[in-house]
Amino acid sequence: MNIARFPRRRYTPHATPIEPLPRLSADLGIDLWVKRDDLLGLAGGGNKTRKLEFLVADALARGCDTLITVGAPQSNHCRLTLAAAAREGLKCRLIIEERVPGTYAPQAVGNNLLFDLLGAERVHMVPAGTDLAAALQAEAQAVERDGGKPAILVGGGSSPLGALGYAACAAEIAAQAFDMGLAFDELVVASGSAGTHAGLVAGVAALSWNLPVTGISVRRPSAEQEANVHRLAVETAALMETPAPARETVVVDDRWVGAGYSLPTRAMVEAVRLAASREGLLLDPVYTGKAFSGLIGRAREGAFGDRRRILFLHTGGAPSLHAFAGALRDPDLN
Ligand SMILES: *Cc1c(COP(=O)(O)O)cnc(C)c1O
């Protein structure tokens with residue numbers, strides 16, 4: 001896995017910590033640890049920072065001056081792409097997809113406020129079901145007409161190049177686990193646009209590491225999500241020139257999505273409250289809250305079996321918490 005040959009910008013000057021969660025471990029009857037990717041660099045941290053290190057380096061190498069990307073109204077990926085653009089002196093335009101009809105509020109706080117503060121050159125709202133690839137192309141053509149040179153970043157930064165960030169993270173976890181003398185039995189992670197999950201699976205395979213990785217879906221049914229993750233993991237391994245991960249190494253649990261992407265569930269609210277009140281750890285309502293509700297549910301039903309030492313990858317997202325205050329305090333969800 002020779003990732004060093006790919007151009008990379010550095011946005012985090014250190015490895016993110018791996019910390020024990022002793023109180024939640026006692027509650028759940030497992031030995032639970034957390035990899036703190038919520039502490040990655042750029043504005044507010046989170047998993048997109050690792051992908052952007054490769055995606056932005058590539059855009060710069062191609063001489064681009066404007067980043068264009070797409071996300072939901074509370075997109076962490078859009079926030080971090082804007083932050084990377086600001087850091088590099090690039091311009092940035094966003095396509096915001098109203099994935100759940102009626103959820104876009106122009107005056108919303110959370111990431112929506114940060115789009116404004118981080119200096120988005122243009123934020124273009126489109127309804128659910130819009131052809132996003134076409135919308136990105138149209139925006140790129142608009143940039144060219146204005147004399148700029150656009151770089152399109154796919155949703156969530158989940159291209160093979162972006163997923164390299166999480167193959168590198170798998171190597172970082174392996175090195176830390178070795179240093180700390182900690183043999184993890186399983187890794188649990190939120191699975192959305194698939195780049196994080198796919199990069200980890202490709203990285204684990206490249207290291208010939210027999211670490212089970214379980215993705216908790218935040219949007220799609222298991223069969224569809226497993227196919228998406230596996231396809232991207234194979235493409236990422238091809239880019240790294242490492243062995244293609246086996247299909248069985250991609251496992252997705254889709255029971256924690258609730259009514260749909262970003263729609264609150266009781267289990268999510270319980271997970272966010274437990275992590276905050278028992279460990280001082282802030283999760284988010286859309287990704288890590290649901291992923292952690294899956295981890296809690298799986299622990300309670302004995303799904304880990306005799307695998308006791310579990311690592312939860314905290315992929316960030318807390319900057320959107322305030323935008324979901326209503327749901328988090330809703331008596332029907334508490
Ligand atoms: C984007 C995101 C995820 C999901 O990662 P993917 O690579 O899109 O699957 C998880 N957590 C947070 C906080 C995110 O912003």
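Both ligands and their constituent atoms are indexed starting at 1 by order of listing. Residue numbers start at 1 and run along the sequence shown.
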Can you name the side chain to side chain donor-acceptor pair (under 3.5 Å) partners of Glu144, sequence neighbours left out?
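Scan of Glu144 (side chain to side chain donor-acceptor pair (under 3.5 Å), adjacent residues dropped) gives none.
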Shell of residues surrounding ligand 1, defined by a 4.0 angstrom heavy-atom cut-off that is strict
Asn47, Lys48, Lys51, Asn76, Ser158, Ala190, Ser191, Gly192, Ser193, Ala194, Gly195, Thr196, Tyr287, Thr315, Gly316, Gly317
Backbone N/O of Val252 and side chain of Glu226: donor-acceptor pair under 3.5 Å:
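Yes, Glu226 side chain to Val252 backbone: donor-acceptor pair under 3.5 Å.
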List the residues meeting side chain to side chain contact (heavy atoms under 4.5 Å, CB included) with Leu182, not counting sequence neighbours, and say none if there are none.
Trp33, Met180, Phe184, Arg309
Non-hydrogen side-chain atoms of Leu82 and Phe115 separated by less than 4.5 Å
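In contact.
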Selection residues 295-334 - residue pairs positive for ring pair (Phe, Tyr, Trp, His ring centres under 6.0 Å), sequence neighbours left out:
Phe292-Phe312
For Tyr11 and Glu88, which I'm curious about, is there any donor-acceptor pair between the side chains at under 3.5 Å?
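Their side chains do contain a donor-acceptor pair, which is all the 3.5 Å distance test asks for.
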